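None of these values were measured; they are calculated from a predicted model. By convention in this document, chain letters (A, B, ...) are assigned in the order of the sequence lines, proteins followed by strands, and residues within each chain are numbered from 1. Values below: every heavy atom of this structure, side chains too, minus hydrogens, waters and symmetry copies.
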Amino acid sequence: MKKILFFIPFLVFVALGVVFYQQLGKDTEYMPSALVGKNVPEFKLVNMESDTVVSNGDMPNEPYLLNFWATWCPSCSAEHAYLGELAEQGVNIVGVDYKDEPPAAKKWLAERGNPYSLVLLDEMGRFGVDMGITGAPETFVVSAEGKILYRHQGVVDAEVWENLLKEHMQ
Amino acid sequence: MIGRLLSLMLLTLGVWGGAAIAMEVLEFQTPEDQERYRVLTEELRCPKCQNQNLEDSNAGIAVDLRSQIYAMVNDGKSNQEIIDYMVARYGEFVLYRPVHDSSTAVLWYGPFVLLLVGGLIFILVVFKNKRQSDKDAKL
């Protein structure tokens, strides 16, 4: 009995060690989205090219990426070329121009190419709040039925696509 | 020198004036609403920042969420409705005071369990030592 008592501090130490070890190397900024498994919230946004109102029913009938971007966002600049590659491979990407100026956004797409099948304007960032985003870029995988399957915060590159996003796009 | 000092003072005044204006923009229908806004922005965490509430943060998203809370308070939404709105979008991460459920049970009750275990061990050891010293005294 007494021997067991002696070992209690050691056991506590081991237990804490295991807990802390599991947390090592984890991205502290990572936050699971509260919306995974739910449908894309109801929205009405303006289509940048046609100036018409777009709502949930107008979204693609296949799995697609919903990418929040803006011209003021340096990381968006970094991922833009790769999004272009994905679009060429046939990935359907819907862009949301988040808290941005439409003229600047149009110029940006004209200069760098447009990887998006559809660009929606969220000038006030209300749709961003509904989607629970904390900044740009953020990319969601959405199913053909409009269900949110995955959320990635930060730049999408080949590694992110292959390891995190691709598996959800069926 | 004096001119420079003066311009510095004016500059500081300007900064203060700006802050005061930013505070004045928010007008509430009742003092209770203002108090609700204060409490909510204090208790909800900025989702972009690891350890700042909405009130303290100047991250873009915190500004947006503050204005959302302001609009909802003025709309007469209850505190619970506003908190539910935030949790539905940003998860329980935004709550500075975690909810009581199975996933946070260890967080809430763990310390009490540890205290209890520690107390039991303490009593046991004291009791044993006492018995030992009683025995020694008899010898």
Hey, quick one: are [X] and [Y] part of the same hydrophobic cluster, counting side-chain heavy atoms closer than 4.5 Å, chains of contacts allowed?
| X | Y | value |
| --- | --- | --- |
| A:Met48 | A:Val46 | yes |
| A:Met131 | A:Val142 | yes |
| A:Leu65 | A:Leu118 | no |
| A:Val119 | A:Phe127 | no |
| A:Leu121 | A:Val40 | no |

Considering non-hydrogen atoms only, spot the tightest contact between B:Val87 and A:Ala34 and give its length.
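So the two residues come closest at O-CB, 3.8 Å.
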
So which heavy atom on A:Ile133 is nearest to which on B:Ile61, and how close?
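Closest pair (atom of A:Ile133, atom of B:Ile61, distance): O-CD1, 3.2 Å.
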
So which residues of residues 86-115 of chain A are in contact with chain B at a heavy-atom cut-off of under 4.5 Å?
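A:Tyr98, A:Lys99, listed by number.
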
Within a radius of less than 6.0 Å around [atom1] of [X], do more than 12 heavy atoms belonging to other residues, nucleotides or ligands occur?
| X | atom1 | value |
| --- | --- | --- |
| A:Glu42 | CD | no |
| A:Glu162 | CD | yes |
| A:Asn61 | CG | no |

According to salt bridge (charged side-chain N to carboxylate O under 4.0 Å, His left out), who are the partners of B:Lys130, at least two apart in sequence or on a separate chain?
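So B:Lys130 forms a salt bridge (charged side-chain N to carboxylate O under 4.0 Å, His left out) with B:Asp134.
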
Toward chain A, the part of B:Ala62 with a non-hydrogen atom under 4.5 Å
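Neither; nothing under 4.5 Å.
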
Can you say whether B:Leu65 sits under 4.5 Å from chain A via the side chain, the backbone, both, or neither, judging by heavy atoms?
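Only the side chain of B:Leu65 comes within 4.5 Å of chain A.
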
Are there residues of residues 89-105 of chain B that reach to under 4.5 Å of chain A by heavy atoms, and which ones?
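From residues 89-105 of chain B, the residues near chain A are B:Arg89, B:Tyr90, B:Gly91, B:Phe93.
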
Apply side chain to side chain contact (heavy atoms under 4.5 Å, CB included) to A:Ile8 and list each qualifying residue two or more places apart in sequence or on a separate chain.
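With neighbours one apart ignored, the set is A:Leu5, A:Val12, B:Ile121.
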
